[in-house]
Number of protein chains: 2
Amino acid sequence: MAGPDPVASWPTGRLLSVAARLVEHSWQEFLATRGLTHAGLIALHLLREGPRTQRELAHGAKVTDQTMSRTVERLHRAGFVERGTDPVDRRRTVVTLTDRGRDVHAEALRAERDEPEVLGALRDYEAFRLQLVELVTALGVDRSTAARPDPRG
Amino acid sequence: MAGPDPVASWPTGRLLSVAARLVEHSWQEFLATRGLTHAGLIALHLLREGPRTQRELAHGAKVTDQTMSRTVERLHRAGFVERGTDPVDRRRTVVTLTDRGRDVHAEALRAERDEPEVLGALRDYEAFRLQLVELVTALGVDRSTAARPDPRG
DNA sequence: CACTATTGTTCAGCACGCTGAACAACGCAA
DNA sequence: TTGCGTTGTTCAGCGTGCTGAACAATAGTG
């Protein structure tokens with residue numbers, strides 16, 4: 001008994017993390033049956049308009065190059081992307097969407113539209129989304145090369 | 001240049017994840033200098049009213065027992081909690097806050113109040129918080145034992 | 001051509017989340 | 001006591017995030 005769920009007393013950052021996990025989790029059923037992961041989905045999303053280098057994908061997804069490297073590897077293993085070396089600059093790995101990748105991404109878009117049940121618990125879904133976009137835009141200047149902006153000590 | 005940051009087109013779940021990472025990251029400076037982690041902080045938070053078993057902590061933090069197990073281990077390693085076996089039920093590990101733990105938690109609370117700069121980017125901070133609380137309350141029924149609610153197949 | 005710096009990617013290793021499985025201790029029944 | 005199911009915790013292993021370091025290839029300088 002006592003205090004059952006004083007979630008309201010949590011720090012906002014923690015609230016954000018837990019909410020993210022919970023929502024991610026609600027996608028798991030869909031994703032697992034398709035053999036893809038939630039991180040891979042955003043990469044697919046960024047790839048829909050054409051081939052990109054891993055660096056570009058990392059920038060776009062607001063993650064480090066290392067993280068995107070592994071995500072792409074996973075995506076490739078699942079057959080959703082193709083990897084090739086840029087003939088002009090052989091350091092670069094150019095990532096391209098396969099048909100299956102394009103297909104599964106389209107399906108995910110549909111599913112997102114069809115099942116707003118999860119986020120339906122929110123009063124002002126659109127307002128909430130907007131706040132998130134603001135937050136990410138404000139805080140997520142870049143990353144990718146994992147720049148350490150203020151090493152004063 | 002093309003499309004620089006179409007964050008607004010991201011799925012909401014991804015937005016949530018990235019926002020969480022970004023906000024978490026803004027705490028890193030504070031946490032790192034104190035030798036604690038963001039996951040540990042919520043455990044400390046739950047411990048402030050008295051000793052708890054790991055199971056209770058897991059419930060309270062909306063994570064699985066396994067995850068809490070490792071978090072407590074880390075906290076113990078850092079000297080913020082003490083662990084003991086319940087004499088009544090020797091299966092149980094009772095976790096208690098140390099003085100240092102209580103101290104660092106209080107400091108974190110203060111810091112949270114003093115530096116709302118990060119979340120200050122938001123228009124309606126309170127409304128946003130409220131949405132998060134609603135979301136977590138609605139979706140985060142429990143976890144801990146990692147119950148699989150619907151294994152129909 | 002070597003020398004050095006920069007750029008693109010991967011490797012090593014950690015934190016944090018999860019699931020499945022193992023293990024120890026308890027509780028209940030025969 | 002033995003046996004078995006339940007409960008509390010940890011171990012194994014994976015996915016996603018990070019940092020720091022290594023490595024390969026390109027580019028600039030002599």
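Predicted, not measured: the structure shown is a model, and the values here were computed from it. By convention in this document, chain letters (A, B, ...) are assigned in the order of the sequence lines, proteins followed by strands, and residues within each chain are numbered from 1.
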dist B/Arg70:CZ -> B/Glu73:CD (nearest 0.5 Å) comes out at 8.5 Å

Nearest 0.5 Å please: distance from the CZ atom of B/Arg52 over to the CG atom of B/Leu57.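 Going from the CZ atom of B/Arg52 to the CG atom of B/Leu57 covers 8.0 Å.
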
Who are the side-chain contact (heavy atoms from CB on, under 4.5 Å) partners of [X], not counting sequence neighbours?
| X | value |
| --- | --- |
| A/Thr85 | A/Arg90 |
| A/Arg92 | A/Thr53, A/Asp86, A/Asp89 |
| A/Thr67 | A/Val63, A/Thr64, A/Thr71 |
| A/Leu109 | A/His105, A/Glu112 |

Quick one: which residue pairs count as a salt bridge (Lys or Arg N to Asp or Glu O under 4.0 Å) with a foot in residues 32-47 of chain B, not counting sequence neighbours?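 As it turns out, the salt bridge (Lys or Arg N to Asp or Glu O under 4.0 Å) pairs with a partner in residues 32-47 of chain B, which skip direct neighbours, are B/Arg34-B/Glu107.
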
Restricting to pairs with a member in residues 95-104 of chain A, which pass salt bridge (Lys or Arg N to Asp or Glu O under 4.0 Å), not counting sequence neighbours?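 As it turns out, there is no salt bridge (Lys or Arg N to Asp or Glu O under 4.0 Å) pair with a partner in residues 95-104 of chain A once direct neighbours are skipped.
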
Minimum-distance nucleotide (side-chain atoms of [X] versus [options]):
| X | options | answer |
| --- | --- | --- |
| A/Arg70 | C/dG13, D/dT9, C/dT9 | C/dG13 |
| A/Val63 | D/dT9, C/dC18, D/dC18 | D/dC18 |
| B/Arg74 | C/dA15, C/dG8, D/dG15 | C/dA15 |
| A/Arg14 | D/dT19, C/dT10, C/dG17 | C/dG17 |

Per nearest nucleotide of DNA chain C, the residue lying toward the 5' end, B/Arg77 or B/Asp86, is B/Arg77

Between [atom2] of [N] and [atom1] of [X], the distance in whole Å:
| X | N | atom1 | atom2 | result |
| --- | --- | --- | --- | --- |
| A/Glu24 | C/dC16 | CD | C1' | 12 Å |
| B/Asp65 | C/dA21 | CG | P | 16 Å |
| B/Gln54 | D/dT9 | CD | P | 5 Å |
| B/Glu56 | D/dT7 | CD | P | 15 Å |

Hey, does B/Thr93 reach any base, or is it just sugar-phosphate, or nothing, if we go heavy atoms under 4.0 Å?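 The residue B/Thr93 makes sugar-phosphate contact but no base contact.
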
Could you point out which residue of B/Val72, B/Val94, B/Leu75 forms a side chain to side chain contact (heavy atoms under 4.5 Å, CB included) with B/Arg83? B/Val72

Would you say the side chain of A/Val95 lies within less than 4.5 Å of the side chain of A/Gln54, judging by non-hydrogen atoms? yes

The criterion is side-chain hydrogen bond (donor to acceptor under 3.5 Å, both in side chains); which residues satisfy it with B/Thr12, sequence neighbours excluded? A/Tyr125, A/Arg129

Look at [X] and [N] and indicate whether a side-chain polar atom (N or O) is within less than 4.0 Å of OP1 or OP2.
| X | N | result |
| --- | --- | --- |
| A/Arg83 | C/dT10 | yes |
| B/Thr67 | C/dC18 | yes |
| A/Gln28 | C/dT19 | no |
| A/Gln66 | C/dG8 | no |

If you take any heavy atom closer than 4.0 Å to DNA chain D, which residues from residues 37-48 of chain A end up in contact? A/Thr37, A/His38, A/Ala39

Between A/Val88 and B/Met68, just flag the one whose closest nucleotide in DNA chain D comes earlier from the 5' side. B/Met68

Do the side chain of A/Thr137 and the main chain of A/Val133 share a donor and acceptor less than 3.5 angstrom apart? yes

For DNA chain C, the residues among residues 102-109 of chain B that have a non-hydrogen atom under 4.0 Å from it: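 When residues 102-109 of chain B is checked for heavy atoms under 4.0 Å from DNA chain C, there are no hits whatsoever.
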
How sharply is the helix from C/dC1-D/dG30 to C/dA30-D/dT1 bent, taking the axes over five pairs at either end and rounding to 10 degrees? 20°

Enumerate the ring-ring contact (aromatic ring centres under 6.0 Å, His included) contacts for residues 72-97 of chain B, please, sequence neighbours excluded, ordered by first and then second residue. none

In the single-linkage hydrophobic clustering (I, L, V, M, F, W, Y; side-chain heavy atoms under 4.5 Å), do A/Leu139 and A/Leu132 co-cluster? yes

Output one line per pair: protein atom, nucleotide atom from nucleotides 22-25 of chain C, and distance, for all N/O pairs under 3.5 Å.
none

